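Comments concern the structure below.
Predicted model only: the values in this text are computed from it and were never measured. First listed ligand is number 1; within each ligand, the first listed atom is number 1. Scope of the values below: all heavy atoms of this structure, side chains included, with no hydrogens, waters or symmetry mates.
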Amino acid sequence: VMADWGKCLDFGVSIARQARTVVLDAFEAQKVVSLKTSPADLVTETDQGVENLLISAIKEKYPTHKFIGEESVAAGASPVLTDSPTWIIDPIDGTTNFVHRFPFVAISIAFAVNKQTEFGIVYSCMEDKLYRAQRGKGAFCNDIPLRTSGLEDITKALVVTEIGTERDDLSLSTLTSNIYRLLKIPIHGIRAVGTAAVDMCLVASAGADAYYHVGMHCWDIAASALIVSEAGGVVHDISGGKFDLMSRRVIAASSRTVARGIAQVVEAFPCERDDGLPDLLPLDPKVIGLNLTSRCSTLVQGTYPKLLW
Ligand SMILES: O=P(O)(O)O[C@H]1[C@H](O)[C@@H](O)[C@H](O)[C@H](O)[C@@H]1O
Ligand SMILES: [Mg+2]
Ligand SMILES: [Mg+2]
């Protein structure tokens, strides 16, 4: 029988609401900003404070549960997802927005058991929009049911993506040529809100038709990937193959057709997986009809082959 994690979800919503008050209070205040992996990868005491608030509240109620938190990982914790009940937390998604007071800042909380996401919560703090989904039970924003646009025709798509924090030539040339190739399809437009979690919730709520990105982390999208799929959307790897939460690549779309259209024109740049495994090509056996016994472990330098189906 499927365990019902509904009470756990309710607890997650209650601590997300508490954390939002901390974010709102800090939003206007003076901030101490530190750098992480690049001059564009910022962190503040509020990121760390909100993560500590969430993790300590959860530990008190569920002492056996495990955590993957963005700022805990930045401080050295290992982001390996086991079968144990695990909370995957991004305390502030959109830290650069937070620092600049660009009013799109989200708290993202996902909960996985046996490596399967059971629920996801994304609280877009300044908008006061609390998105949530429980596996098999639909997706909601402030208790209103969510459905994606269902769009099939990519030439009518409004696509969201992120610029990310990479500033090296390979990442930036791949990222900008992806934008160029998408616009040439043509599509209606491209937007970047500055928080992957909110970008994907826009797909779930039909405000956009697809999101794609290479370089974000599992904590950015674990919650919103479930929210998109529970809203009737599809979530794939950037190649069009099977989505892998730890691979740092994703396409979330209104339909498989739109996802396929994006997979055909965008390329990935190599980036280290969240779980530290050697970079694996997402060779989805059903997609390419191969009987793969061992997952390939060599990182294909440069761009990944197109997996079209
Ligand atoms: O660091 P936070 O938690 O703000 O997450 C953002 C990443 O930093 C960006 O690279 C990425 O592009 C997305 O904007 C993501 O939301
Ligand atoms: Mg984030
Ligand atoms: Mg963050």
Ignoring water, what protein N, O or S atoms are under 2.8 Å from the Mg ion (ligand 3)?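 Short answer, with waters excluded from the count: Glu70 OE1, Asp90 OD1, Ile92 O.
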What are the polar N/O contacts of ligand 1 with the protein below 3.5 Å, with distances?
unit_1	atom_1	unit_2	atom_2	d
ligand 1	1 (O)	Glu70	OE2	3.4
ligand 1	3 (O)	Glu70	OE1	3.0
ligand 1	3 (O)	Asp90	OD1	3.3
ligand 1	3 (O)	Asp90	OD2	3.0
ligand 1	3 (O)	Ile92	O	3.0
ligand 1	3 (O)	Asp93	OD1	3.3
ligand 1	4 (O)	Gly94	N	2.7
ligand 1	4 (O)	Thr95	N	2.8
ligand 1	5 (O)	Asp93	OD1	2.9
ligand 1	5 (O)	Asp220	OD1	3.2
ligand 1	12 (O)	Gly164	N	3.3
ligand 1	14 (O)	Glu162	OE1	3.1
ligand 1	14 (O)	Gly194	O	3.3
ligand 1	16 (O)	Asp93	OD1	2.5
ligand 1	16 (O)	Asp93	OD2	3.2
ligand 1	16 (O)	Ala196	N	2.9

Taking 4.0 angstrom as the limit, do [X] and [Y] come out as a salt bridge?
{"X": "Asp237", "Y": "Lys242", "answer": "no"}
{"X": "Glu118", "Y": "Lys137", "answer": "no"}
{"X": "Asp143", "Y": "Arg132", "answer": "yes"}
{"X": "Lys156", "Y": "Asp153", "answer": "yes"}
{"X": "Arg20", "Y": "Asp128", "answer": "yes"}

Under 4.5 Å between any side-chain heavy atoms of Glu162 and Thr195, yes or no? no
Are the side chain of Ser229 and the backbone N or O of Ala225 linked by a donor-acceptor pair below 3.5 Å?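 Yes, the answer is positive, given that a donor and an acceptor are paired below the 3.5 Å cut-off.
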Indicate yes or no for a side-chain donor-acceptor contact from Arg101 to the backbone of Glu28 under 3.5 Å, with no hydrogens or angles considered. yes
Are Tyr212 and Val160 connected into the same hydrophobic cluster when the rule is that any two of I, L, V, M, F, W, Y join if their side-chain heavy atoms are below 4.5 Å apart?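 They do not share one cluster, since no chain of ILVMFWY contacts under 4.5 Å joins Val160 to Tyr212.
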